[in-house]
Structures are given as C-alpha cells and as structure tokens.
Amino acid sequence: MTYSQLTVTAIALAGLICPASAEGIVFGPVRGKAGESVRLLSHSATPGGTISKTLSGATSNGSILITRDRDLVWTFRDPAADGSRRGMVKVNDITTTTKVTFNGTPEEATDASPLKGKLFSMSKPATGDWKFELDGSVPLTTIKTEIDELTVYLKRNWYPVKAVELGESWEFDPAWIKMVIHKDLPKAQTIGTMRLRQVRRAVGRELAVIDISIRSTGSDFLPDGTETSATIDLSGQVTVNLQTMLDESLELTGTITTGTDRVSEVTKVQLPIKLTVTKSFVRDGQLP
C-alpha cells in the first residue's frame, strides 16, 4: 500500500470516530415518527453457572443455567393538553427457564409469565407515576413482579440533563437492569456508572458509545436465623443513536454470586452472566 493510500485509509477510519461537539452531547427523549413503536428484545443467560451445598460438613456440587427472554413492544402517544401521557405495551414473551443438575440428577423448569400475549394500556398524569390498566383476566398478585419491572423500566433515568463531554462519567440508577438479571437483591446497595467513550459515525448516523459498569452487594437476615447475601459485578456498553435517542443496544457481562447460610446448611451459587438488549423502531402494521 502506498503512502497516499495509507493516508486515505487513515482519513476514512478517522471519519468513523468523531469527537463530541464543543457544546457536548445532550441526551433527550426518544424521537420516534408517527405510527412507530419501539420493540425491545432482551436475553440473559448464565452458562457455566455452579451451585454447591454443604450439609453437616459434606459438600455436593452441581450446575445451573438460567435463561430469561423478553419481547416487548412499547407504543407511546403524544402528551395530552394537560401534560398526561398514554401508551400501550404488548407482551410477546416473558419467559424464564432454569436447568439444574445436582448430584447427577437433572431438573428443568420453564416459567412463562401470565402477561405473555397480553396487550394493555398505560398512563401517566403530568405530576404522577406510570400506571398499567389491566383487563382483570390475570390476578394482580400473580404478575406483580412483571408489572414492577415494566414500571421501573418506564421510570428509568440514565443520562444527565446537562451536556456530556467525551470521556465524562456519571452515576445512574440501574434498577431495571438489576430486576431483569436477578430478583433477589431488594435491599442491595447498587452503584451504576456510565462514561461517554466515543461518538461513532456510521452510514449517515451518529452513535454514542457509552461504557457501563454495575456493582451491587447486599445481605439479609431472616427471622429463622438464615443469612442471605448476593453480589453483582457487570460491565459492558450501551449504544445510543443520536438522531433518534434510541438506545439501540446494551451488552453486559459479569458474575452474580449468591449465598444462603442456615444453621447446618450453606448454599453458594455462582453465575457467569451475559445480558443483551436490542431496540428498534417498528411500524404499526409490522407489529409482531
């Protein structure tokens, strides 16, 4: 390759990674077009997960694989004159599968949410929180966890209101990610950090690449004397389309460790985990 060719190649590559503007980047609400909805697909898995039990000094070991899949379509309407917001959510899938092999005995269980296949509305007054309006076909007590997860997703607030410079870091509340990955840390102390790593130009659009890390640890004592503990250690990146402000992809890898200590029994579970979330716009006539 000649010197001039090297120069051209270097310029072309440099064009793929552009610095933030002098004013920085201001992240705002998603800018969808009329008739568009946002489809969210998430998949988490724990390949290589292990479980050990020590009972009266004797230890047994096994393996555990947990997969969780979500397929949701969010449709938001323009705010009303009084500032209230309305929308719809279609739950194509919320399923958790657990495979455990312990002492050579395999067990498998699949849990599909009662919300699977449901379409229901949501609303938020100008000064209140999001609420879901269910049709009454499923008792609220059986779907409380899923509704809490959807509510936390709508309330998430990951980005600063001010302009963000390249290389700048900020803290955020990763409550939704924690709920998607693991549901046994209600009292955990969680720290989420984001850092704007680069702005990438590709096919006529600009993408913000943001490094993300999550650290969570917690423990609890039950009335019967049982002590439970859990930690989460994750890192990865999220990619935001700066034209639409849609966070098009999220990838996280790390480890979850949980433990239970009873009087004569100790259980420890270690789960290497990978979480991927993708979002895309879909037209009303193309809804799955």
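Side-chain atoms are counted along with the backbone in the values below, which use heavy atoms only and exclude waters and symmetry mates.
- For Asp224, the CG atom sits in a packed shell: over 12 heavy atoms of surrounding residues, nucleotides or ligands are nearer than 6.0 Å.
- Around the CD1 atom of Ile191, the shell of radius 6.0 Å holds no more than 12 heavy atoms that belong to other residues, nucleotides or ligands.
- No hydrogens or angles considered: nothing links the side chains of Ser213 and Ser235 as a donor-acceptor pair under 3.5 Å.
- Classification of Arg39 and Asp71 as a salt-bridged pair holds, one side-chain N sitting under 4.0 Å from a carboxylate O.
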Please lay out, stage by stage, how Ser229 and Ser219 fare under the test side chain to side chain donor-acceptor pair (under 3.5 Å).
-> CA-CA 4 Å; Ser229 62; Ser219 61; over 6 Å; no
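- Taking a cutoff of 4.0 Å between a charged side-chain nitrogen and a carboxylate oxygen, Glu133 and Arg86 qualify as a salt bridge.
- Side chain of Lys124 to main chain of Gly128: a donor-acceptor pair is present (N/O by atom type, distance under 3.5 Å, no hydrogens or angles).
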Result block: side-chain N/O donor-acceptor pairs under 3.5 angstrom for residues 264-276, not counting sequence neighbours:
none

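- Under the 3.5 Å distance criterion, with hydrogens and angles disregarded, no donor-acceptor pair is assigned to the side chains of Asn103 and Thr105.
- A donor atom on one side chain and an acceptor atom on the other are found under 3.5 Å apart for Ser37 and Thr75.
- Here the side chain of Thr46 pairs a donor or acceptor atom with the backbone of Ile66 at under 3.5 angstrom.
- Using the six-membered ring where Trp is involved, Trp130 and Phe76 have ring planes that are perpendicular, over 60° apart on the 30 and 60° scheme.
- When Asp247, Thr239, Thr244 are each tested for a side chain to side chain donor-acceptor pair (under 3.5 Å) with Lys279, only one passes: Asp247.
- Between Glu146 and Lys118 no salt bridge is recorded (no basic side-chain N to carboxylate O distance below 4.0 Å).
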